Amino acid sequence: MTIAVDLALLLGFLGMLGAALVPRAWVAAALAAPRSRGSAWCLVLFTVLTAGLLANYFLLLVLGRLSWVAATGVALGFASLAFRRLGAHGRGKAGAGPASPRPDAISAKGGDTPRSPRLNGVAAPWPEAVGWLAAAMLWGALIIWTLALPITEWDPKSIWFFHAKIIYFAGGLFRDSGWTMPLLSFSQPDYPKLLPGLAAQAAWVLSYWNEYVPKLSLVVLQAVALIGLLAAATTRFVALLLMAGIVVFNAPSFTPGYADIFLAVHACCATVMLTGAVSDRRDELLLPGLLSCAMLPALKNEGILLALIILAAVGCVALQRRKRGGWSAMAPRAAAIAAIAFLPAVIWVVLRGSWDIHGQAAFGADFWTRVQDRPAAEIAAILAEVAKQGKMVSSTVIIALAALYLRRRLPAATLVCLAVGALYFSGLVLVYIGTPNPLVWHLSTSASRTALSIHAVLYAGLAIALDAVLRALSMERGEPGNASRVLTVNRP
């Protein structure tokens, strides 16, 4: 019961903090977008919780003390609620004219996709409530699996939750808590503190530390990951593939306390959402896509490289659309959102530099020397190991077959996923080539986790390509209704 209350308080705090920051105009636009009702609410909930996570991380970095973070977050949430209620009351007294139609009723006027479990008059393959129930049951299974076991794996015990333990017993994130001690260099003290900070807050609420309570932070991140995959999916068919291929098959990665799986999920969500925002001009995806991208450097140092690759790949699509008379109106909003969303990552980089925190980073003055001196046989071994762990060969072959069937007209999201996966693969290989650690040990202990982001992004591209193939098959047979039946669409 105590654990359930702690989890509810954590989710409520993050939701309140996120709701204070997400504009109401965006929420209205997201709910009115041509998506099914469940998909629209998934998008809103994912955006609110992700904004809450980033805002909580920002407050931890700026204020430091856990009690100040909690007090400030609650104050901001209640102040925002009061301000919005006053604003709504003022508009009501002024007389705002006739009430706007509910999003459910928009389609009755010949506009967007209906909000019922039907699409274009065709019954959905399964009621939307079934998908919600399946996702809830999956999350429940992950919760039991996560909280039934103590913290045992080396990385979670010596990095993420060790940092959380320091923050908890120090009462916050402070320079003089031991981060600069040479003896702590083994625990990578330069890693971002979003996950450790959240774990420390979970223990702070109950006022004690053990090997179970801090893992509530994983439960929160699991919920955000599941909702994010449902929100990013363009159809229920894609949602089913993403949940099966990323969550079910990688379920053991969600429970021990590694941040890599959450990095992979947010990389997948950011890539698909930002590509949809730019290529299909779906404005409601811009904010959650950038927030998900900003989560990457807040989770791991590798997230900086991954975020830059995603932004560069999506930027190329944006430039292409601009040549066709595209998205110039979206660019200023994207720049403003990105400047705010990536602020916690920038602050942490500045803080760890000013605090003189150093980890066991692979980059150094002799990095390029190690790259040049690496034997060709070892480089080939690195390429094979990372490609195998990232499922690159199988995913790429299936996508290539889909491209042949579609006559090279792959969806933009699939192409961007391919580019992001290939570039991040190259970056990881370069890091392994220049590692100062023993190569066999480094590959065997980390490749299976660091390649998760490659696998997730490529798998998302594969799911979207298969969706396009099924749609093309239905169109060739002259049965557009069957495509809707199989793919109950959340499309523009």
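It should be emphasised that the depicted structure is a prediction, and the values quoted were computed from it without experimental measurement.
To the nearest 0.5 Å, atoms CZ (Arg281) and CG (Leu286) are separated by 14.0 Å. Separation of atoms CG (Leu305) and CG (Leu423) is listed at 9.0 Å; rounding is to 0.5 Å. With rounding to the nearest 0.5 Å, the separation of CG in Leu263 from CG in Leu306 is 5.5 Å. Atom CD1 of Ile261 and atom CZ of Phe254 lie 4.0 Å apart (nearest 0.5 Å). Atom CG in Leu458 sits 10.5 Å away from atom SG in Cys268 (nearest 0.5 Å). Taking CG of Asp6 as the start and CG of Leu216 as the end, the distance is 5.0 Å to the nearest 0.5 Å.
The backbone N or O of Ala422 lies less than 3.5 Å from a partner atom in the side chain of Ser426, making a donor-acceptor pair. With hydrogens and angles ignored, the 3.5 Å screen pairs no side-chain donor or acceptor of Lys157 with any backbone N or O of Asp155. A distance-only check finds a donor-acceptor pair linking the side chain of Asn250 to the backbone of Gly245 [under 3.5 Å]. Listed for the Trp204 side chain is no donor-acceptor partner under 3.5 Å among the backbone atoms of Gly171. Arg374 places a side-chain N or O within donor-acceptor distance of the main-chain N or O of Ile433, the cut-off being under 3.5 Å. The main-chain N or O of Thr275 is found under 3.5 Å from a side-chain atom of Ser279 such that the two form a donor-acceptor pair. Checking side-chain atoms of Ser158 against main-chain N and O of Ser187 turns up no donor-acceptor pair under 3.5 Å. For Ser354 (side chain) and Leu351 (main-chain N/O), a donor-acceptor pair under 3.5 Å exists by modelled atom type.
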For residues 140-150, which side-chain donor-acceptor pairs fall under 3.5 Å, sequence neighbours excluded?
| from | atom 1 | to | atom 2 | distance (Å) |
| --- | --- | --- | --- | --- |
| Thr146 | OG1 | Leu142 | O | 2.6 |
| Thr146 | OG1 | Gln222 | NE2 | 2.9 |

Under 3.5 Å, sequence neighbours excluded: what are the donor-acceptor pairs made by side chains of residues 42-56?
| from | atom 1 | to | atom 2 | distance (Å) |
| --- | --- | --- | --- | --- |
| Thr47 | OG1 | Leu43 | O | 2.7 |
| Thr50 | OG1 | Phe46 | O | 2.7 |
| Asn56 | OD1 | Gln201 | NE2 | 2.8 |
| Asn56 | ND2 | Gln201 | OE1 | 2.7 |

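Contact record, Arg236 with Ser36: NH2-CB, 4.4 Å, taken as the closest heavy-atom pair. Heavy-atom minimum distance, Cys269 versus Ser292: CB-OG, 3.6 Å. Closest non-hydrogen pair, Pro256 versus Glu153, comes out as CB-CG, 3.5 Å. Closest heavy-atom contact between Gly178 and Leu184: O-CD1, 2.7 Å. Contact detail for Val420 and Ile309: the closest heavy-atom pair is CA-CG2, 3.9 Å. Across all their heavy atoms, Ala30 and Glu284 have their closest contact at CA-CB, 4.0 Å.
Residues Leu198 and Leu14 meet the side-chain proximity criterion, which asks for heavy atoms closer than 4.5 Å. Proximity of Met273 to Arg282: side-chain heavy atoms (C-beta onward) are nowhere separated by under 4.5 Å. In this structure, the side chains of Glu302 and Tyr424 come closer than 4.5 Å at one or more pairs of heavy atoms. Looking at Asp190 and Gln188, their side chains come closer than 4.5 Å, going by heavy atoms from C-beta outward. The shortest distance between side-chain heavy atoms of Val247 and Leu242 does not fall below 4.5 Å. In this structure, the side chains of Asp283 and Arg333 come closer than 4.5 Å at one or more pairs of heavy atoms. Counting heavy atoms from C-beta on, the side chains of Asn301 and Pro192 come closer than 4.5 Å. With a 4.5 Å cut-off on side-chain heavy atoms, Ile3 and Lys215 do not count as touching.
Ring-plane geometry between Trp355 and Trp348 is classed as perpendicular, the angle between the planes exceeding 60 degrees on a 0 to 90 degree scale with a lower cut at 30. Below 30°, between 30° and 60°, or above 60°: for Trp160 and His163 the angle between ring planes is above 60°, a perpendicular geometry.
Listed by first and then second residue, the side chain to side chain donor-acceptor pair (under 3.5 Å) pairs that reach into residues 168-181 come to none, sequence neighbours excluded.
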For this session: For Phe161 and Leu218, run side-chain contact (heavy atoms from CB on, under 4.5 Å): C-alpha distance rounded to whole Å, both residues' side-chain angles, the deciding distance at 0.1 Å, then the answer.
Result: CA-CA 11 Å; Phe161 293 111; Leu218 302 179; 4.0 Å; yes
For this session: Evaluate the criterion side-chain contact (heavy atoms from CB on, under 4.5 Å) for residue pair Val416 and Leu274; output intermediate values, then yes/no.
Result: CA-CA 10 Å; Val416 174; Leu274 289 178; over 6 Å; no
For this session: Quick one: do Val224 and His266 satisfy side-chain contact (heavy atoms from CB on, under 4.5 Å)? Show the steps, please.
Result: CA-CA 9 Å; Val224 177; His266 281 284; 4.0 Å; yes
For this session: Tell me, with the steps shown, if Leu428 and Phe425 meet side-chain contact (heavy atoms from CB on, under 4.5 Å).
Result: CA-CA 5 Å; Leu428 283 182; Phe425 168 77; 5.9 Å; no
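By the ring-ring contact (aromatic ring centres under 6.0 Å, His included) test, Trp139 pairs with no residue at all, sequence neighbours left out. Ser446 meets the side-chain hydrogen bond (donor to acceptor under 3.5 Å, both in side chains) test with Tyr432; sequence neighbours excluded. For Tyr57, there are no ring-ring contact (aromatic ring centres under 6.0 Å, His included) partners two or more places apart in sequence or in a different chain.
With a 6.0 Å radius and a threshold of 12 heavy atoms from other residues, nucleotides or ligands, Phe249 has its CZ atom at or below the threshold. No more than 12 heavy atoms of other residues, nucleotides or ligands lie within 6.0 Å of CZ in Phe58, so this atom counts as exposed by the packing criterion.
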